[in-house]
Amino acid sequence: MGDVVVQADGVAKRYRIGEDYQTYRTLRDAVGGLFSRRDARPRRAEIWALDDVSFEVSRGEVLGIVGPNGSGKTTLLKLVSRITAPTRGVVRTRGRAGAILEIGTGFHPELTGAENILLNAAVLGMPRREARRKFGDIVDFAGVGPFIETPLKRYSSGMRMRLAFAIASQVEPPILAVDEVLAVGDAEFQRRCLDKMSELGGAGRTVLFVSHDHGAITRLCTRAIWLDRGHIRAEGNPAEVVRDYLHSIASKGGAVELDIDPGSPAGVRSVALVSANGDPSTTFGRDQPLELRLDLEAFRFVPGLDVAVQIFASDGIRVIHEAWLDESRPPLPEGKTLLTFRMPALLAPGRYVVGVRVGDAAGNHQAREALSFEVLPLPADPVDGRLRITQPPVSWSATPL
Amino acid sequence: MAATAAPDHEEWIENGPSGGRLGRAWLTELWEYRELGAFFAWRELKLRYKQSVLGIAWVLLQPLLGMILFSALFARAVDVPSDGARYPLFAYVGLAVWAALTAGVSRAGEILTEDPNLVTKVYFPRVLAPAGTVLASGLDILIALLLVGPLMAIYGVTPPVELLLLPLCVVGLLLVAFAIGIWMSALQVLYRDIRYAMTFGLQAWLFASPVLYPSSLISGDLRLLYFVNPAAGIVESFRACVLGTPLYGPGIAISAASLVTLALTGLAYFKRVERSFADRI
């Protein structure tokens, strides 16, 4: 690995978090602080988002980063792209590292689509000449041609997203750090996003890629890192790292409480997997239906609020991905809602992980690998060693002709 | 398709806990990102002249209405001197400079906090946002001064030769707006309630600057002290340039020194704290 282009050396990042997660101070605090004794001020909690993390990335590698929420994945991308500075340690990059942590940064509603393309491209570090050259592609890709001279405030949120994504997908710094930008929602976007990732990987770009789509990590990445509470827990072959990570997700008797990030307008409080008789369970015969109960809480009405359930096989392949809004179901209301997800007997024997996502058009509010469960073979099943993902109850019949 | 990384992209860029000093590496980086600075200026212009119904008229109307108001009030009731110029012209130039200056300072102050994602989701040398925003004030003052022509014609005044130095005055104005704007920008990220103090501060600053009265009202050493306020130097320079009023040399020197000090300390402070912006905004 001679040609190292990213080097993290004992990197640690501490965040101070006040009671209400307010991280800026007010002048009043500062002036007040002059007159009060130090320990009279409210103690601020400290969180080490990353602690003593070291790794290297070589030119042309696509490094996948997996781990539960709050494990420091996004912080790592912010350090590589210099958005924030480490508390200890050093990150070095050979050449500029661009980050796509959200799409549409710097968009202004009063400016036209065309103006916003140039502006957003500049904010993402694309030289103006390049932006002008790619302008046509961006407009075509976003499909906003007729509205390009219309102020952005007249765009639908879908159009705005498509435009933002089209720009982001054209940014090609030597080193690219991408956070899982699009999650719940448009499948077409997700496909394009992944296409773009594999294209970049193929073109010899160096990419750092954070995702909960474990299948994509396995497919696209040349190497993966598993972050757990700010530490690197495993590193190496993506398929193995993903498998180990998914294996680590405890079943906890079929029910699990989830945390909702402060500031999120909505999230799932708890997830329970229940068997046909209504009891939480983590083992199912392959002929048994599955039922998943999600306690959703929306602190206010969120337009376009969507909840998705994903089931991953132990190698990271996504077997199931279903969202509430898929079949134009009614909007999810404010307050607490019990969502019940039912699925017929389908899966082949093996271990699976349930992922839950909550989001809206703006992006994810919550993405968790919630719990794992085991599908057991039927007593009559022969040990055949065949590789398969699904094994629903089937029937055979033989009719003499 | 082949990666055509320029040699300068191949240098190691370091992100460590220390750093944040003014230096050559920083200047090189600013140069690399210069287009983004221009974009901030361009966006500011677009928004300033697009968002308000009155558009350009607003830039003219603000000092014009002020001029009418203060001429009627001050010049008649209190008989404020105006260094030999007609008071309405005197007030118009002062108010035009003042409007451009304060627009620059307050927009530079709020540019980072009004869209925190610029700080938390992307990287660029942060100073470019307030710096670019301030540039838009250059156009403000040029447009506002266009009205001085007709006004001078009305009052039968001919422009002095010093008018040729106008570009220098505009650069000076931008520097003053930048020096103070950059302080406001950094302070507003770190102390969110400074906004409220700023509203009051700008008002107080108006009365401490020779906008509606000449600095010649102040006598002796006090007048030197008065020019520590760089706005004093720039307002009187504009007037000398456009109306040919006498310029107080020692005062201008003090204003210039004060401006350089404010700009350099502001840059150093901004640079030192900008690395924590993303965590604190």
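Numbers restart at 1 for each chain; the letters A, B, ... are given by sequence-line order, proteins then strands.
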Problem set entry | Nearest heavy atoms of B/Trp12 and A/Val5, plus distance in Å | CZ3-O, 3.8 Å
Problem set entry | Greatest number of heavy atom pairs closer than 4.5 Å to chain B - which of A/Leu118, A/Thr87, A/Val80, A/Asp9 | A/Leu118
Exercise. If you measure from CG on A/Asn116 to CZ on B/Arg43, what distance do you get to the nearest 0.5 Å?
Worked result: 9.0 Å
Seminar exercise, completed: Under 4.5 Å to a heavy atom of chain B? For A/Thr84 that would be both
Exercise. If you measure from OG1 on A/Thr93 to CD on B/Glu14, what distance do you get to the nearest 0.5 Å?
Worked result: 9.5 Å
Problem set entry | Residues which pass salt bridge (Lys or Arg N to Asp or Glu O under 4.0 Å) with A/Glu149, listed by chain and number, not counting sequence neighbours | none
Exercise. What part of A/Arg88 is in contact with chain B, defined as an atom under 4.5 angstrom from a non-hydrogen atom: side chain, backbone, both or neither?
Worked result: backbone
Exercise. Heavy-atom distance under 4.5 Å to chain B: side chain of A/Leu77, backbone, both or neither?
Worked result: neither
Problem set entry | Closest non-hydrogen atom pair, B/Phe39 against A/Ala122 | CD1-CB, 3.3 Å
Exercise. Quick one: what part of B/Glu35 sits under 4.5 Å from any heavy atom of chain A, side chain, backbone, both or neither?
Worked result: side chain
Exercise. Minimum heavy-atom separation for A/Gly89 to B/Pro17, with atom names?
Worked result: O-CD, 3.0 Å
Seminar exercise, completed: Okay, B/Gln188 and chain A: the region with an atom under 4.5 Å from a heavy atom over there is neither
Exercise. Under a 4.5 Å heavy-atom cut-off, does chain A meet the side chain of B/Thr120, its backbone, both or neither?
Worked result: both
For this session: With a 4.5 angstrom heavy-atom cut-off, could you sort out which part of A/Pro127 is near chain B: side chain, backbone, both or neither?
Result: both
Problem set entry | CD1-CD1 distance between A/Ile175 and B/Ile13, expressed to the nearest 0.5 angstrom | 7.5 Å
Exercise. Do A/Arg82 and B/Phe124 meet the cation-pi criteria used here (NZ or CZ under 6.0 Å from the six-membered ring centre, within 45° of the axis)?
Worked result: no
For this session: Name the member of A/Ala85, A/Pro151, A/Gly125 that forms the most heavy-atom pairs with chain B at distances under 4.5 Å.
Result: A/Ala85
Exercise. Quick one: are B/Asp279 and A/Lys13 in side-chain contact, heavy atoms under 4.5 Å?
Worked result: yes
Problem set entry | side-chain hydrogen bond (donor to acceptor under 3.5 Å, both in side chains) between B/Asn117 and A/Thr105, intermediate numbers included | CA-CA 6 Å; B/Asn117 286 353; A/Thr105 310; 5.7 Å; no
Exercise. Looking at A/His108, A/Glu110, A/Glu115, which one forms a side-chain hydrogen bond (donor to acceptor under 3.5 Å, both in side chains) with B/Lys46?
Worked result: A/Glu115
Exercise. Does any N or O in the side chain of B/Asn15 come within less than 3.5 Å of the main-chain N or O of A/Leu79, such that one atom is a donor and the other an acceptor?
Worked result: yes
Exercise. Roughly how far, to the nearest 0.5 Å, is CG of B/Leu118 from CD1 of A/Ile83?
Worked result: 11.0 Å
Exercise. So with a 6.0 Å cut-off around CZ of B/Arg34, is the heavy-atom count from everything else above 12?
Worked result: yes
